[in-house]
Number of protein chains: 2
Amino acid sequence: MIKMSFDEKDNKSISLFFGAISNPKRFRILEALNEKGPMCVSELQNLLNIEQSNLSHNLKCLLNCRLVSREQNGKEKIYNINEDIKVLVNSINEHIKAYDTYIKSCDIVNPVNTKGR
Amino acid sequence: MIKMSFDEKDNKSISLFFGAISNPKRFRILEALNEKGPMCVSELQNLLNIEQSNLSHNLKCLLNCRLVSREQNGKEKIYNINEDIKVLVNSINEHIKAYDTYIKSCDIVNPVNTKGR
DNA sequence: AATATATATGATAAATTTATCATATGATAA
DNA sequence: TTATCATATGATAAATTTATCATATATATT
């Protein structure tokens with residue numbers, strides 16, 4: 001088994017995984033499922049005020065990353081947050097609370113807050 | 001203290017924080033610091049083959065998110081990974097290993113792999 | 001003080017991600 | 001078997017992120 005050197009590795013999965021979580025809407029979906037339990041798409045839609053097809057696209061992304069699971073119920077699809085992710089979602093809050101003001105200036109990746117973001 | 005409803009929350013810090021980790025180069029920087037210990041910019045540059053100013057921009061992002069810390073040493077700046085992040089970086093590997101093939105199809109956010117990503 | 005070395009910054013083009021629209025599919029009910 | 005409800009898909013414009021270039025700053029050395 002060939003081990004890549006540092007300068008070759010591209011961490012595709014890592015990137016997709018964290019990229020999935022990093023989107024505000026997707027994180028709100030995860031939070032909602034975490035706090036309120038399993039829900040179908042239209043329930044999420046009402047709760048979060050996200051347009052239907054956008055919600056569906058984002059759920060697909062979360063599902064691909066196995067951040068959520070899905071099961072059919074009649075014509076509805078019930079989404080549920082993956083157990084091992086709950087730990088992550090909760091644990092990271094410590095760090096973020098501690099450094100919130102710094103992080104807000106993060107500005108990925110160039111000059112700080114020129115866009116009033 | 002006003003608690004925002006689900007449909008108002010925007011999770012700015014969450015987004016910036018995970019966005020910072022989600023970039024492949026930035027994750028490689030974190031990995032390098034995690035595995036090889038504190039390093040100055042030019043050492044990272046040699047190890048990872050990242051162009052100087054790009055490295056500097058990315059380090060700034062990581063620093064803002066407090067994923068790394070920095071200290072001066074002569075004309076060098078020594079970067080170090082934040083302790084509480086090591087846990088995160090390591091723990092998430094379980095999930096990613098388990099679901100790697102799915103995650104690779106994640107494709108944030110639209111049609112799957114039309115771009116051969 | 002001038003020069004060299006190490007790192008940081010700002011502007012910007014290119015690449016990627018996001019939101020939205022129109023439409024498609026699947027399941028159930030009439 | 002058509003209609004309706006629930007969710008998914010593909011295309012694409014808009015927004016954001018990334019990489020790169022030129023240049024700036026900061027520290028040390030001569």
Side-chain angles (χ1 to χ4, degrees), chain A residues 10-12 15-29 38-65 68 70-79 105-117, chain B residues 10-12 15-29 38-65 68 70-79 105-117:
Chain A
D10 75 334
N11 295 123
K12 182 174 176 170
S15 169
L16 289 169
F17 178 78
F18 285 109
I21 304 182
S22 77
N23 177 280
K25 283 184 183 169
R26 287 195 291 269
F27 195 82
R28 289 204 289 133
I29 295 169
M39 260 181 275
C40 72
V41 180
S42 55
E43 285 176 301
L44 282 167
Q45 201 179 333
N46 292 328
L47 183 62
L48 304 177
N49 263 321
I50 299 176
E51 185 263 341
Q52 187 273 317
S53 79
N54 184 243
L55 185 53
S56 198
H57 282 302
N58 281 317
L59 283 169
K60 185 185 181 183
C61 170
L62 292 173
L63 184 63
N64 280 332
C65 289
V68 301
R70 177 174 76 176
E71 64 178 31
Q72 190 94 28
N73 179 285
K75 46 187 171 185
E76 295 175 342
K77 302 222 173 142
I78 312 293
Y79 283 85
S105 73
C106 171
D107 189 289
I108 304 169
V109 79
N110 277 328
V112 177
N113 288 326
T114 46
K115 286 172 263 181
R117 236 189 298 170
Chain B
D10 76 336
N11 295 124
K12 182 174 175 170
S15 170
L16 290 169
F17 178 79
F18 285 109
I21 304 181
S22 78
N23 177 279
K25 284 186 183 169
R26 287 194 292 268
F27 196 82
R28 288 205 290 133
I29 295 169
M39 259 181 276
C40 71
V41 179
S42 54
E43 285 175 301
L44 283 166
Q45 201 179 333
N46 292 328
L47 182 64
L48 304 177
N49 262 322
I50 300 177
E51 185 262 342
Q52 188 272 317
S53 79
N54 184 245
L55 184 53
S56 200
H57 282 303
N58 281 318
L59 284 168
K60 185 185 180 184
C61 171
L62 293 174
L63 184 62
N64 280 332
C65 289
V68 301
R70 176 173 77 177
E71 63 178 33
Q72 190 94 28
N73 179 285
K75 47 187 170 184
E76 296 175 343
K77 302 227 172 138
I78 312 293
Y79 284 84
S105 72
C106 172
D107 189 291
I108 303 170
V109 80
N110 278 328
V112 176
N113 287 326
T114 48
K115 285 172 263 179
R117 230 187 301 169

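So that the names make sense, note that chain A is the first sequence line, chain B the second, and so on, each numbered from 1. This structure is a prediction, so every number in the text was calculated from the model and none was measured.
Among C:dA8, D:dT7, D:dT18, the nucleotide with an atom closest to any side-chain atom of A:Val41 is D:dT7. Closest approach to the A:Ser56 side chain among C:dT9, C:dT18, D:dT9 is made by D:dT9 (side chain taken as heavy atoms from C-beta onward).
Qualifying side chain to side chain contact (heavy atoms under 4.5 Å, CB included) partners for A:Leu63, counting only residues two or more places apart in sequence or in other chains: A:Val68, A:Arg70. Residues meeting the side chain to side chain contact (heavy atoms under 4.5 Å, CB included) test with A:Glu51, sequence neighbours left out: A:Ser53, A:Asn54. Under the rule for a ring-ring contact (aromatic ring centres under 6.0 Å, His included), A:Tyr79 has no partner lying at least two apart in sequence or in another chain. For the side chain to side chain contact (heavy atoms under 4.5 Å, CB included) test, residues two or more places apart in sequence or in another chain that qualify with B:Gln52 are B:Gln45, B:Ser56.
Pairing each heavy atom of A:Pro38 with each of A:Ile78, the nearest pair is CB-CG2, 3.7 Å. The two residues B:Arg26 and B:Ala20 make their nearest non-hydrogen contact at NE-O, 2.8 Å. For the residue pair A:Cys65 and A:Phe17, the shortest heavy atom distance occurs at SG-CA, 4.1 Å.
Atom CD in A:Gln45 sits about 8 Å away from atom P in D:dT7, given to the nearest Å. Rounded to an integer number of Å, the gap from CE of B:Met39 to C1' of C:dT7 is 16 Å. Per the geometry, CZ belonging to A:Arg28 stands 10 Å off P belonging to C:dA19, to the nearest Å. B:Phe18 has its CZ atom 16 Å from the P atom of D:dT17, to the nearest Å. The distance between atom CG of A:Leu59 and atom P of D:dT7, rounded to the nearest whole Å, is 10 Å. The CG atom of A:Asn58 sits 15 Å away from the P atom of D:dT7 (whole-angstrom rounding). What separates CG of B:Leu63 from C1' of C:dT9 is a distance of 15 Å, to the nearest Å.
Among the protein residues, A:Ser42 comes within range of the sugar-phosphate backbone only, with heavy atoms under 4.0 Å from sugar or phosphate atoms but none that close to a base.
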Please produce a list of atom pairs where a protein N or O lies less than 3.5 Å from an N or O of nucleotides 20-30 of chain D.
residue: D:dT20; atom: O4; partner: B:His57; partner atom: NE2; Å: 3.4
residue: D:dC21; atom: N4; partner: B:Ser53; partner atom: OG; Å: 2.6

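If A:Arg26 and B:Glu43 are placed on DNA chain C by their nearest nucleotide, the residue sitting closer to the 5' end is B:Glu43.
The shortest side-chain heavy-atom distance between B:Leu44 and B:Leu59 falls under the 4.5 Å cut-off.
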Open item on the list: Expected output check: what is the dot-bracket annotation of DNA chain C, where ( ) and [ ] are pairs inside the strand (brackets for crossing ones), | is paired with another strand, and pairs are Watson-Crick or G-U under 3.5 Å?
Closed with: ||||||||||||||||||||||||||||||
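Looking only at distances, a side-chain donor or acceptor of A:Asn46 sits under 3.5 Å from a matching main-chain atom of A:Ser42.
Under 4.0 angstrom from either OP1 or OP2 of D:dT18 there lies at least one side-chain N or O belonging to B:Asn23.
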